[in-house]
There are 2 protein chains.
Amino acid sequence: MKLWSANVGQPVGMCPVRGVLDKISDKWSMLLVMTLATGPKRFNQLRRDVPDISQKMLTQTLRDLQRDGMVSRQVFDTKPPSVEYRLTPLGESIILPFGHLIAWANEHLPTIDQARTEFDKAA
Amino acid sequence: MKLWSANVGQPVGMCPVRGVLDKISDKWSMLLVMTLATGPKRFNQLRRDVPDISQKMLTQTLRDLQRDGMVSRQVFDTKPPSVEYRLTPLGESIILPFGHLIAWANEHLPTIDQARTEFDKAA
DNA sequence: CAGGATCCAATAAGATACTG
DNA sequence: CAGTATCTTATTGGATCCTG
């Protein structure tokens with residue numbers, strides 16, 4: 001489980017995996033992926049499903065996901081226009097590993113909350 | 001796999017799991033956890049193992065991890081003083097799920113790189 | 001409906017200097 | 001060695017207005 005693999009010490013992109021992990025650790029990326037995991041959705045549908053994302057961030061994050069090949073974008077030539085976003089096979093392949101992390105978070109949430117309270121109490 | 005669970009719509013802390021996931025998705029948190037996964041380490045040892053972290057961020061991230069109960073801190077009363085950080089059982093419990101994500105990243109790195117190149121070429 | 005463009009505030013984080 | 005404190009910059013992200 002090497003995080004640095006070959007090239008160590010360079011300021012950016014030292015470890016290729018970290019470039020991917022940075023996306024995963026993006027505030028909105030994975031939330032959108034998990035939202036799209038239930039099926040394809042349109043732009044404003046996604047806004048409703050993730051109430052606290054701004055339009056700017058939704059646009060930007062969707063484009064990034066598209067660039068990474070995680071999400072595909074299909075335009076329907078209706079009026080008003082409608083655009084559908086859906087996970088690609090690559091996007092779908094991350095659902096399971098990320099689901100494990102969510103499960104972990106759910107499971108240990110009480111423990112963490114308790115640890116925080118105690119730590120803050122001590123200070 | 002509910003990301004929003006009970007309370008939807010509030011600006012912060014809508015979903016308790018997201019509070020935990022935000023920590024996971026911190027730029028340095030998980031990198032430090034995975035570094036500590038190989039065994040307990042001292043402060044400056046961690047600096048060397050994660051070359052591009054600043055001293056400020058190392059201190060801050062370690063404290064956050066400690067607060068969350070992921071890492072324990074033990075001071076040895078030597079001179080000069082030495083402080084050892086190690087994963088708690090809680091911290092160790094996240095190694096596996098996070099390892100799955102790293103494995104995913106490693107596996108799909110070429111695909112993602114290719115998608116990016118193609119996307120940028122098209123634009 | 002699905003964005004693009006712009007402006008501005010908040011936050012994160014690097015650099016630097018100092019301490020028990 | 002293992003930090004603390006402060007300053008400053010870079011980045012993020014929200015609010016707002018506009019368009020095919």
Side-chain angles (χ1 to χ4, degrees), chain A residues 9-14 18-19 21-32 35-36 40-68 71-86 119 122-123, chain B residues 9-14 18-19 21-32 35-36 40-68 71-86 119 122-123:
Chain A
Q10 275 68 30
V12 175
M14 311 122 277
R18 282 176 62 181
L21 255 41
D22 278 355
K23 309 290 302 188
I24 289 169
S25 71
D26 179 79
K27 184 177 179 184
W28 301 114
S29 295
M30 282 306 105
L31 197 51
L32 285 181
T35 302
L36 286 173
K41 295 198 190 316
R42 291 169 48 185
F43 191 83
N44 281 315
Q45 180 68 47
L46 285 168
R47 292 188 73 166
R48 281 187 292 277
D49 287 359
V50 186
D52 57 338
I53 194 172
S54 69
Q55 176 259 4
K56 178 186 177 179
M57 281 302 104
L58 180 54
T59 304
Q60 195 174 108
T61 307
L62 282 173
R63 241 191 297 118
D64 281 358
L65 288 172
Q66 206 192 332
R67 186 175 111 97
D68 289 353
V71 161
S72 68
R73 177 179 184 270
Q74 187 175 7
V75 183
F76 295 95
D77 216 13
T78 56
K79 40 184 176 177
S82 88
V83 179
E84 190 183 82
Y85 293 91
R86 72 169 64 221
F119 185 90
Chain B
Q10 276 68 31
V12 174
M14 308 124 278
R18 281 175 63 181
L21 255 40
D22 277 356
K23 310 288 303 186
I24 290 169
S25 72
D26 180 80
K27 186 177 180 184
W28 301 114
S29 295
M30 283 304 106
L31 198 50
L32 285 181
T35 301
L36 286 172
K41 292 195 192 318
R42 290 168 50 186
F43 191 82
N44 281 315
Q45 180 68 47
L46 285 168
R47 290 188 77 168
R48 281 188 292 276
D49 287 358
V50 186
D52 58 338
I53 195 172
S54 69
Q55 173 261 14
K56 176 185 177 181
M57 281 303 105
L58 180 54
T59 303
Q60 195 175 108
T61 307
L62 282 173
R63 218 197 286 294
D64 281 359
L65 288 171
Q66 206 192 333
R67 185 174 111 98
D68 288 354
V71 162
S72 67
R73 176 180 185 269
Q74 188 176 6
V75 183
F76 296 96
D77 217 12
T78 57
K79 43 184 172 175
S82 88
V83 179
E84 190 182 80
Y85 293 92
R86 71 170 65 221
F119 185 88

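As the structure is a prediction and not an experimental result, all values here were calculated from the model. Numbered from 1 within each chain, the chains take letters A, B, ... in sequence-line order.
The two residues B:L36 and B:Y85 have their closest heavy-atom pair at CD2-O, 3.5 Å. Closest heavy-atom contact between B:P81 and B:R42: O-NH2, 4.5 Å. Annotation for B:D49 and B:P51: closest pair O-CD, 3.3 Å, computed over non-hydrogen atoms. Taking all atoms of both residues into account, the shortest heavy-atom contact from B:L31 to A:R18 is CD2-CZ, 3.4 Å.
The CG atom of A:N44 sits 9 Å away from the C1' atom of C:dG3 (whole-angstrom rounding). One can place CD of B:E84 at 14 Å from C1' of D:dC1, the figure rounded to the nearest angstrom. Summarising the geometry, the separation between CG on B:D22 and P on D:dT12 is reported as 16 Å, rounded to the nearest angstrom. Taking atom CZ of B:F43 as the reference point, atom P of D:dC1 lies 11 Å away to the nearest angstrom. To the nearest angstrom, C1' of C:dA15 lies 15 Å from CG of B:D52. What separates CD of A:Q66 from P of C:dA2 is a distance of 15 Å, to the nearest Å.
At a non-hydrogen distance threshold of 4.0 Å, B:R73 from residues 71-79 of chain B come into contact with DNA chain D. Contacts between residues 55-64 of chain A and DNA chain C, counted as heavy-atom distances below 4.0 Å, involve A:Q55, A:K56, A:T59, A:R63.
Residues B:D64 and A:F119 have side chains not in contact (no heavy-atom distance under 4.5 Å, counting atoms from C-beta outward). The shortest side-chain heavy-atom distance between B:M30 and A:I24 does not fall under the 4.5 Å cut-off. Residues A:L62 and A:Q66 are not in side-chain contact: their nearest non-hydrogen atoms beyond the backbone lie 4.5 Å or more apart. Side-chain contact check for B:R73 versus B:V75: some heavy-atom pair is nearer than 4.5 Å. Using a 4.5 Å cut-off on side-chain heavy atoms (C-beta onward), B:F43 and B:V83 make no contact.
If A:K27 and A:P81 are placed on DNA chain D by their nearest nucleotide, the residue sitting closer to the 5' end is A:K27.
The shortest distance between the side-chain N/O atoms of A:Y85 and the OP1/OP2 oxygens of C:dG3 is below 4.0 Å. Look at B:R42 and you'll find a side-chain N or O under 4.0 angstrom from OP1 or OP2 of D:dA2.
Rounding to the nearest 0.5 Å places CD of B:Q45 at 10.0 Å from OG1 of B:T35.
Computed from C1' positions of five pairs at each end, the angle between the two local axes of the helix from C:dC1-D:dG20 to C:dG20-D:dC1 equals 50°, rounded to 10 degrees.
Judged by distance alone, with hydrogens and angles left aside, the side-chain atoms of B:T61 form no donor-acceptor pair with the main-chain N or O of B:L58 at under 3.5 Å.
For A:S54, the side-chain atoms get nearest to D:dG14 when compared with the rest of D:dG14, D:dC1, C:dA2.
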